[in-house]
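Just below is one structure, and these are the notes that go with it.
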Amino acid sequence: MGAKRLTARSAQVSARIFPNVTAAEEDYDHSWRSAKTTAGTASSSLGDIHAEAPSIVGGVGDEAFAQPQQVADKFGRSANVTTTVRLSNAVLVVTYEGATYGTDENGAIDLSRATPLDESVSRAAAQTIAQNVVTAFVLHG
């Protein structure tokens, strides 16, 4: 007999390094404006994406914001939180996502029974990873 549920989580981290702080501030500001304009729900033949308005995150880097999203498509439903951080002349982006999937009697994933991870769990994980990345940059940068 197979498992009843499977929880999948993933994290992606990217860094953009600029020649100076001003260029990084401009990139961060552009990311903030883009996040504000994508807030709301967008639908297409591929599925639906609902993005919350971005919110400021304190205590991570020089400035940071987070934006939760929920996705519903042919693969089921999932959620992610993207935390964007500016640290001096670098812009770091951490995306944490996941879902819990129901399984059939053989343990195979049933995409129709997907439940997104709780936003508070995803937000906390994304911010913790972002803080760890910032710490690594400071210690090894």
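Everything numeric in this text was worked out from a predicted model, so none of it was measured. FYI, side chains are in, hydrogens and waters are out, and symmetry mates aren't considered; it's all heavy atoms of this structure.
Judged by distance alone, the side chains of Ser55 and Arg123 do bring a donor and an acceptor atom under 3.5 Å apart.
Shortest non-hydrogen contact noted between Leu117 and Ser122 is CB-OG, 3.6 Å. Residues Gly61 and Leu87 come closest through the heavy atom pair CA-CD1, 4.2 Å. Summarising the geometry of Glu119 relative to Val81, their closest heavy-atom pair is O-CG2, 4.3 Å, with the distance given to 0.1 Å. Of all the heavy atoms in Ser78 and Pro116, the pair that sits closest is C-CB, 3.8 Å.
Distance CD1/Ile109 to OG1/Thr103: 8.5 Å, rounded to 0.5 Å. The structure places CD of Gln67 at 9.0 Å from CG of Asn80, a figure rounded to the nearest 0.5 Å. In this structure, CD on Gln69 lies 6.0 Å from CD1 on Ile49, to the nearest 0.5 angstrom. Summarising the geometry, atom OG belonging to Ser44 is positioned 9.0 Å from atom CG belonging to Asp73; distances are rounded to the nearest 0.5 Å.
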> Do Gln131 and Val134 pass the side chain to side chain contact (heavy atoms under 4.5 Å, CB included) test, and can you show the C-alpha distance, the side-chain angles, and the key distance before you say yes or no?
Replying inline: CA-CA 5 Å; Gln131 184 61 56; Val134 166; 4.2 Å; yes

> Step by step, would you call Glu25 with Ser88 a side chain to side chain contact (heavy atoms under 4.5 Å, CB included)?
Replying inline: CA-CA 8 Å; Glu25 288 172 335; Ser88 187; over 6 Å; no

>> Walk me through whether Glu63 and Val57 qualify under side chain to side chain contact (heavy atoms under 4.5 Å, CB included).
In response: CA-CA 7 Å; Glu63 52 189 333; Val57 175; over 6 Å; no

Between side-chain atoms of residues 94-102 and protein atoms elsewhere (two or more places apart, or another chain), which donor-acceptor pairs fall under 3.5 Å?
residue	atom	partner	partner atom	Å
Thr95	OG1	Thr82	OG1	3.1
Tyr96	OH	Arg9	NH1	3.4
Thr100	OG1	Thr7	OG1	3.0

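Between the side chain of Asn89 and the backbone N or O of Phe18, at least one donor-acceptor pair lies under 3.5 Å. Using a distance-only test at 3.5 Å, with no hydrogens or angles considered, a donor-acceptor pair links the side chain of Thr37 to the main chain of Ser34. Put simply, the side chain of Asp104 gets close to the backbone of Asn106: a donor and an acceptor are under 3.5 Å apart. Panel note: side chain Ser43, backbone Asp48; no donor-acceptor pair is recorded below 3.5 Å.
A continuous path of ILVMFWY side-chain contacts below 4.5 Å connects Val91 to Phe65, so both sit in one hydrophobic cluster. In the hydrophobic cluster analysis, where Ile, Leu, Val, Met, Phe, Trp and Tyr join through side-chain heavy atoms closer than 4.5 angstrom, Val85 is grouped together with Ile129. Transitive grouping of hydrophobic side chains (ILVMFWY, heavy atoms separated by less than 4.5 Å) brings Phe137 and Val13 into a common cluster. Residues Val60 and Ile17 are members of one and the same hydrophobic cluster, defined by side-chain heavy-atom contacts under 4.5 angstrom among Ile, Leu, Val, Met, Phe, Trp and Tyr.
Between Arg86 and the choices Val21, Leu92, Asp27, the side-chain contact (heavy atoms from CB on, under 4.5 Å) rule is met once, by Val21.
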